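Computed from a prediction, not measured in an experiment: that's the story for all the values here. All values below were derived from every heavy atom in this structure, side-chain atoms included, with hydrogens, water molecules and symmetry-related copies excluded. Whatever order the structure lists ligands and atoms in, that order sets their numbers, starting from 1.
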Amino acid sequence: MTPILQLDDVRKHYSVRSGLSRRAVSVRAVDGVSLQLERGETLGLVGESGCGKSTLARTLVLLEKPDSGEIRFDGRPVAFTDRAALRRDAQIVFQDPYTSLPPHMKVRRIIAEPLLIHRMAAGAELRDRVEALIADVGLPASVADKLPGQLSGGQRQRVSIARALALEPSLLIADESVSALDVSVQAQILNLLNSLRERHGLTLLFVSHDIGVVTYVSQRIAVMYLGKIVELGPTADVYGRPLHPYTRALMAAVPSVERRGRERIEVRGDPPDPKHPPPGCAFHPRCPIAQDICRVEAPAVREWLPGRHAACHFALGPETDGRNNG
Ligand SMILES: Nc1ncnc2c1ncn2[C@@H]1O[C@H](COP(=O)(O)OP(=O)(O)OP(=O)(O)O)[C@@H](O)[C@H]1O
Ligand SMILES: [Mg+2]
């Protein structure tokens, strides 16, 4: 089956001023990302703050114009200049339900707005659709006449999701959309997203810095470091045997019953300055298994095991240098 979304070598760099000289330098927020989303799956995108997750999410729905690369939606190449191309098919739900909902608008109107803008419903039909959407995200009908400020964080997030679903997108992107919520409410929203995916045949791209949350909802995960995907594979496989030392480091920060007592690797130090990335593999200054080659040669993404991709010279261990096993 054709993937719903295919990215090929997509780049988005920002020019920013740096240092006392205010010299213009480039931040490689998204630096050559290739990725496929299969119809109906949840792909989790994880990595530390600043690694480029939101830029990638915004770029792939053309909220940001990519610098280069190719994006195909449903097999068709998307013109980067055609912002409207994906406006209905792909929707983003953002993190903060406080700031992302207009405070003076009733819930009924907030959810109706995309339908009005796209002239998809009016009158009684509009009212019915809004009420169905409210029920669909598990909210009581009474929220329709409330303002966002009268709702809890979890309820507001459900309103954001209902608004995103109004245009019947085939792809929903949730960018840190549970990070601001209490743990028990997070679980409810994650379960809601999963049931919406099943009921509506949605494809979900789930973005979070928390690999624990990501593994809970995703069939596959993509791990991002400094603008690049460094590991990609089925969640159970990545969890059982992570190929990239950065994935291992992220996982070590999440306590779990099964992994108690196993070796723990901490991510040493802070992420590198994206304005001045290290030479070679960008992870090498923090990597517990770095060798000489890692300081000079950036590892390409390779399929080391069926369906398992990683950008590490030593993905299968120190004895298997990537150059000798191609
Ligand atoms: N509009 C912009 N102009 C300049 N630099 C930007 C812009 N947007 C993002 N960046 C930079 O691009 C890099 C990636 O940022 P991005 O917000 O995509 O990361 P993120 O992984 O979503 O982080 P977080 O987990 O904090 O949300 C960062 O270095 C950020 O400072
Ligand atoms: Mg972000």
- Would you tell me whether S54 and D175 have side-chain atoms, one donor and one acceptor, within less than 3.5 Å of each other? yes

- Item | ligand 1-proximal atoms of T55, by part, heavy-atom distance under 4.0 Å | both

- Take atom 30 (C) of ligand 1 and look for protein heavy atoms under 4.0 Å from it; say yes if you find one, no if not. no

- Message: Could you check, using the six-membered ring where one of them is a Trp, whether H244 and F283 have ring centers closer than 6.0 angstrom?
- Response: yes

- Using 2.8 Å as the cut-off, count the protein N, O or S atoms closer than that to the Mg ion (ligand 2). 1

- Query: For atom 24 (P) of ligand 1, which protein heavy atom lies nearest, and how many Å away is it?
  - Reply: S49 OG, 3.6 Å

- With heavy atoms under 4.0 Å as the rule, classify the contact between V207 and ligand 1 as side chain, backbone, both or neither. neither

- Does ligand 1 have a heavy atom under 4.0 Å from the side chain of P274, from its backbone, from both, or from neither? side chain

- Message: Does only the side chain of H209 get under 4.0 Å from ligand 1, or the backbone, or both, or neither? Count heavy atoms.
- Response: neither

- Relative to the heavy atoms of K53, which atoms of ligand 1 are at a distance of less than 4.0 Å? 18 (O), 19 (O), 20 (P), 21 (O), 22 (O), 23 (O), 24 (P), 25 (O)

- Task: Verify the contact flag for atom 22 (O) of ligand 1, where contact means a protein heavy atom under 4.0 Å away.
- Result: yes

- Could you walk me through whether R129 and L126 pass the side chain to side chain contact (heavy atoms under 4.5 Å, CB included) test, one step at a time? CA-CA 5 Å; R129 301 252 314 244; L126 179 66; 5.5 Å; no

- Item | Protein contact of atom 7 (C) of ligand 1 - nearest heavy atom, named by residue and atom, plus distance | Y14 CE1, 3.3 Å

- Query: Would one find an N or O of A29, backbone or side chain, under 3.5 Å from an N or O of ligand 1?
  - Reply: no

- Query: Honestly, is R308 close enough over W304, meaning NZ or CZ under 6.0 Å from the six-membered ring centre and within 45° of the axis?
  - Reply: no

- Task: For the pair H313 (side chain) and E297 (backbone), establish whether a donor and an acceptor sit closer than 3.5 Å, ignoring hydrogens and angles.
- Result: yes

- Message: For a side chain to side chain donor-acceptor pair (under 3.5 Å) check, start with the C-alpha distance between E64 and T59, then their side-chain angles and the critical distance, and finish with the verdict.
- Response: CA-CA 5 Å; E64 301 269 1; T59 303; 5.8 Å; no

- Do other residues, nucleotides or ligands put more than 12 heavy atoms under 6.0 Å from H104 NE2? no

- Query: What atoms in ligand 1 come closer than 4.0 Å to a heavy atom of S54?
  - Reply: 17 (O), 18 (O), 20 (P), 22 (O), 27 (O)

- Task: Go through Q188 and L181 one step at a time and tell me if the side chain to side chain contact (heavy atoms under 4.5 Å, CB included) criterion holds.
- Result: CA-CA 10 Å; Q188 289 164 17; L181 304 171; over 6 Å; no

- Quick one: which of P271, S208, G52 has a heavy atom closest to atom 19 (O) of ligand 1? G52

- Query: Would you say G50 and ligand 1 have an N/O pair spaced under 3.5 Å apart?
  - Reply: yes

- Message: I'd like to know if D136 pairs up with R199 as an ion pair, taking the criterion as any Lys NZ or Arg NE/NH1/NH2 lying under 4.0 Å from an Asp or Glu carboxylate oxygen.
- Response: yes

- Task: List the steps, then state whether side chain to side chain contact (heavy atoms under 4.5 Å, CB included) holds for I173 with R58.
- Result: CA-CA 9 Å; I173 301 173; R58 293 168 58 81; over 6 Å; no

- Query: Under the 3.5 angstrom rule, does the side chain of E176 hit a backbone N or O of H209 as a donor-acceptor pair?
  - Reply: yes

- Message: So does I293 get a backbone contact from the side chain of H284, meaning a donor-acceptor N/O pair under 3.5 Å?
- Response: no

